Asks: 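There's a structure below that I have some questions on.
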Protein chains: 2
Amino acid sequence: MATIQDVAKLARLSRTTVSRVINHHPYVTDEKKRLVLKAMEELNYVPNSSARRLRKQQTETIAVYVPRITNPFFSQMVEVMGNHASEKGYQLILCQTSYSRNKEINYLELLKTKQVDGLILTSIENEWREIKPYLNYGPIVLCNEYNDDADIPTVYLNQVEGAYIGTRHLIEQGHTKIAYCSGDNSASRLAFDRFKGYKQALKEAGLEFNDKWILTNAFSIKDGKRIFRAIADMEDRPTAVFTGSDEVASGIWLEATNHYWSIPDDLAIIGFDDQPQAELIGLTTIEQPIDEIAKRAMGQMIETIENKLPIKKKEIQLNFQLIKRRST
Amino acid sequence: MATIQDVAKLARLSRTTVSRVINHHPYVTDEKKRLVLKAMEELNYVPNSSARRLRKQQTETIAVYVPRITNPFFSQMVEVMGNHASEKGYQLILCQTSYSRNKEINYLELLKTKQVDGLILTSIENEWREIKPYLNYGPIVLCNEYNDDADIPTVYLNQVEGAYIGTRHLIEQGHTKIAYCSGDNSASRLAFDRFKGYKQALKEAGLEFNDKWILTNAFSIKDGKRIFRAIADMEDRPTAVFTGSDEVASGIWLEATNHYWSIPDDLAIIGFDDQPQAELIGLTTIEQPIDEIAKRAMGQMIETIENKLPIKKKEIQLNFQLIKRRST
DNA sequence: TTGTATGCGTTATCAG
DNA sequence: CTGATAACGCATACAA
């Protein structure tokens, strides 16, 4: 591999001049510039990025954390972030935490070892105090997930409102027995707020809150199936169910349909995200403006890196929209 | 940030010894090792990966190319690759080509500039001769897509067979007018072979091949909807359609259902991949062993990097399975 | 406008 | 078993 030295030698110039040409610095004669370019061409030279990283203390790489990329909500987010980063000349490293506290912490080392310029977290598994120390090593931006204690740029949606809108919709359809199902993460403000929105809507309508109708640990289609069976087995069954993701809702819908339940008559279902499959099965759902939050978060990150901005709290809040379909 | 020098000073030892401890080299007294570890701990030291990359000429990073991460087929592949890479201590850089020749070429620079140790391609947009020169800069492995001219490790499925199985299944259900729809990429051996499998099955059954029933440029749910309308508008309609992806099949299914067509009576549909939504809508499909090819490809890549194996042709072929559901 | 010298933080070589 | 020194490839302060 040709180095900058080789180019310099061939062009009969100094490394410095070559470096100036590479980095588009001023004060280089057109004549010499031509010489350098020709030599680079001839040697098929390309700057070594490891050397450049070391020298500039910059990696032009950003890590994005997601629980798992196969969740359409997150893959959509990553698609947008990846394209946006690429446009701005940044690489994107994908970190899948698999809902594991350990894995999340392990990946945080990337920032510490200077493998990336910054981190975007779309979910948080650990308590904020576990994550906070890493701010000493570089910027962190929250996207989707949020946390009061985290004084960092945050692009998010008000999940109290999201859950409220959904639950409210079910109430307006005449339901009084509404189950709630979600993932389960004590460190997640997002999860906490959704639950709050649900309870708020119930309370406002003077409806009963029933512990038995709170179903947790639901992340996937498979979990949704399990939850349907749990509901079907109840003595006192709910007539509608609010879910924290379209995947779980799809699972419930599928198993219900397989058991010849009629949706929404036997059970109304509302999802969350408006993933592609929601349209397929006619699932009512709460749409989140994924493209927008992804873009804003990545923009925020790049701006922070490039202007070496100090990390401080800056909240950008966007809005939900209810997509009404056949499942309610 | 503490450097190896700082640690050495604090421990009253040389950088060399510290480095030995970090890299678990033999020939270090337990006594000194303890001293070094203590100093590292005290300074909260962590090796700088840029420096290490430069010195070792290794990045421990692998780039994975996909057309777009939101396609469940590819996100599934990336999920598995990411986890496998992580286990082995490698990072994964995500490159979305968006079906663009230009973007694919641009990303190839990653290998040239030594930002990654190797490349895994799950699709190819350019002709192989455009890509081949980059082999001078590092290993490339093919996963899913394949190419006769590419003398590199390849993990793939025999797509002639896949399409044949699917088309054959439709024929066995009594269909004689079978449409074919796919993406469109002249550089793709995969696409070519699928089409071949389709024609082979028709020919074997002595069925008519009708140009008008060949629909191209189909990648997404949206494209599927368009294709349904195209089929509905035909004078001489096919009674079944073979598609190259579950997404396209879902689009057709959705639009057909919206137009009150009965599936499979008015139109039988067969998909490809067995994506999660296939189960939801009861789509018959050809399952590809995604986890397996992803794991094998990543394994192959890491083995090549770590043993500095020369790049040569090595084909690993896996098999399909027909998943029969209600859509046929 | 150009060149010289230095350092970014490691690890490998070699001598002791 | 340990340490001094060079080298990885580049960009920048400073001198000319």
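Note that the structure is predicted; figures quoted are calculated from it, not measured. Labels below follow one simple rule: chain letters A, B, ... track the order of the sequence lines, proteins then strands, and each chain is numbered from 1.
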Asks: Write out all pairs satisfying ring pair (Phe, Tyr, Trp, His ring centres under 6.0 Å) with one or both partners inside residues 13-55 of chain A, taking only residues at least two apart or from two chains.
Replies: none
Asks: Taking only distance into account, with no hydrogens and no angle test, what donor-acceptor pairs under 3.5 Å do side-chain atoms of residues 299-307 of chain A form with protein atoms, sequence neighbours excluded?
Replies:
residue : atom : partner : partner atom : Å
A:T304  : OG1  : A:Q300  : O            : 2.7
A:E306  : OE2  : A:Y90   : OH           : 3.0
A:N307  : ND2  : A:E303  : O            : 3.4

Asks: Just by distance, with hydrogens left out, do B:E125 and B:S100 show a side-chain donor and acceptor under 3.5 Å apart?
Replies: no
Asks: Return the 5'-most residue of the pair B:K32, A:S49 with respect to DNA chain D, ranking by each residue's nearest nucleotide.
Replies: B:K32
Asks: Just jot down the ring pair (Phe, Tyr, Trp, His ring centres under 6.0 Å) partners of A:F73, sequence neighbours excluded, or say none.
Replies: none
Asks: Can you measure A:N48 atom CG to D:dA7 atom P for me and round it to whole angstrom units?
Replies: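 Nearest whole value for this atom pair: 17 Å.
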Asks: Nearest whole angstrom, please: distance from the P of D:dG3 to the CD of B:Q5.
Replies: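 The distance from CD of B:Q5 to P of D:dG3 comes to 12 Å, rounded to the nearest Å.
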Asks: Return the value, rounded to whole Å, for the distance between atom CG of A:D6 and atom P of D:dC8.
Replies: 10 Å
Asks: What is the separation between atom CZ on B:R53 and atom C1' on C:dC8, rounded to the nearest whole Å?
Replies: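 After rounding, the reported distance stands at 15 Å.
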Asks: Nearest whole angstrom, please: distance from the P of D:dG9 to the CE of A:M40.
Replies: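 Interatomic distance, CE of A:M40 to P of D:dG9: 16 Å.
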Asks: Which residue is it: B:R53, B:Q115, B:Q91? I am looking for the one with a side-chain hydrogen bond (donor to acceptor under 3.5 Å, both in side chains) to B:T61.
Replies: B:R53
Asks: Between atom CD in B:Q58 and atom C1' in C:dT10, what is the gap in whole Å?
Replies: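 After rounding, the reported distance stands at 14 Å.
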Asks: How far does the helix from C:dT1-D:dA16 to C:dG16-D:dC1 bend, going by the axes of its first and last five pairs, to the nearest 10°?
Replies: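 For the helix from C:dT1-D:dA16 to C:dG16-D:dC1, the axes at opposite ends meet at about 40°.
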Asks: Using atom types as modelled, flag every donor-acceptor pair under 3.5 Å from a side chain in residues 74-82 of chain A to any protein atom, sequence neighbours excluded.
Replies:
residue : atom : partner : partner atom : Å
A:S75   : OG   : A:P72   : O            : 3.3
A:Q76   : NE2  : A:D291  : OD1          : 2.6
A:E79   : OE1  : B:T70   : OG1          : 2.3

Asks: Looking for any heavy atom pair under 4.0 Å, which part of the strands does B:V46 touch: base, sugar-phosphate only, or nothing?
Replies: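 It contacts sugar-phosphate atoms only.
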Asks: Taking atom P of D:dA15 as reference, at what distance in whole Å does atom OH of A:Y27 sit?
Replies: 18 Å
Asks: Looking at D:dG9, I'd like to know if its phosphate oxygens (OP1 or OP2) sit under 4.0 Å from a side-chain N or O belonging to A:S50.
Replies: no
Asks: Output yes when at least one side-chain N/O atom of B:S14 is less than 4.0 Å from OP1 or OP2 of D:dG3, else no.
Replies: yes
Asks: Would you classify A:Q57 as touching base, sugar-phosphate or nothing, given that sugar-phosphate means primed atoms plus P, OP1 and OP2, and contacts are heavy atoms under 4.0 Å?
Replies: sugar-phosphate
Asks: Can you identify which nucleotide, out of C:dG9, C:dG3, C:dT1, has its nearest atom closest to the B:A51 side chain?
Replies: C:dG9
Asks: Using atom types as modelled, flag every donor-acceptor pair under 3.5 Å from a side chain in residues 134-142 of chain B to any protein atom, sequence neighbours excluded.
Replies:
residue : atom : partner : partner atom : Å
B:Y134  : OH   : B:E109  : OE2          : 3.1
B:N136  : ND2  : B:P133  : O            : 3.1
B:Y137  : OH   : A:N44   : ND2          : 2.8

Asks: B:N48: what forms a side chain to side chain donor-acceptor pair (under 3.5 Å) with it, not counting sequence neighbours?
Replies: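 Partners of B:N48 by the side chain to side chain donor-acceptor pair (under 3.5 Å) criterion come out as none, since no residue qualifies.
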Asks: Which residues pass the side chain to side chain contact (heavy atoms under 4.5 Å, CB included) test with A:R296, sequence neighbours left out?
Replies: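 With neighbours one apart ignored, the set is A:V155, A:E292, A:I316, A:L318.
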Asks: For each nucleotide in nucleotides 11-16 of chain C, reading 5' to 3', give B when a protein heavy atom comes within less than 4.0 Å of its base, S when such contact involves only the sugar-phosphate, and - otherwise.
Replies: BB----
Asks: Could you tell me the separation between the CG atom of B:L35 and the P atom of D:dT2, rounded to a whole number of Å?
Replies: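 Taking atom P of D:dT2 as the reference, CG of B:L35 is at 10 Å.
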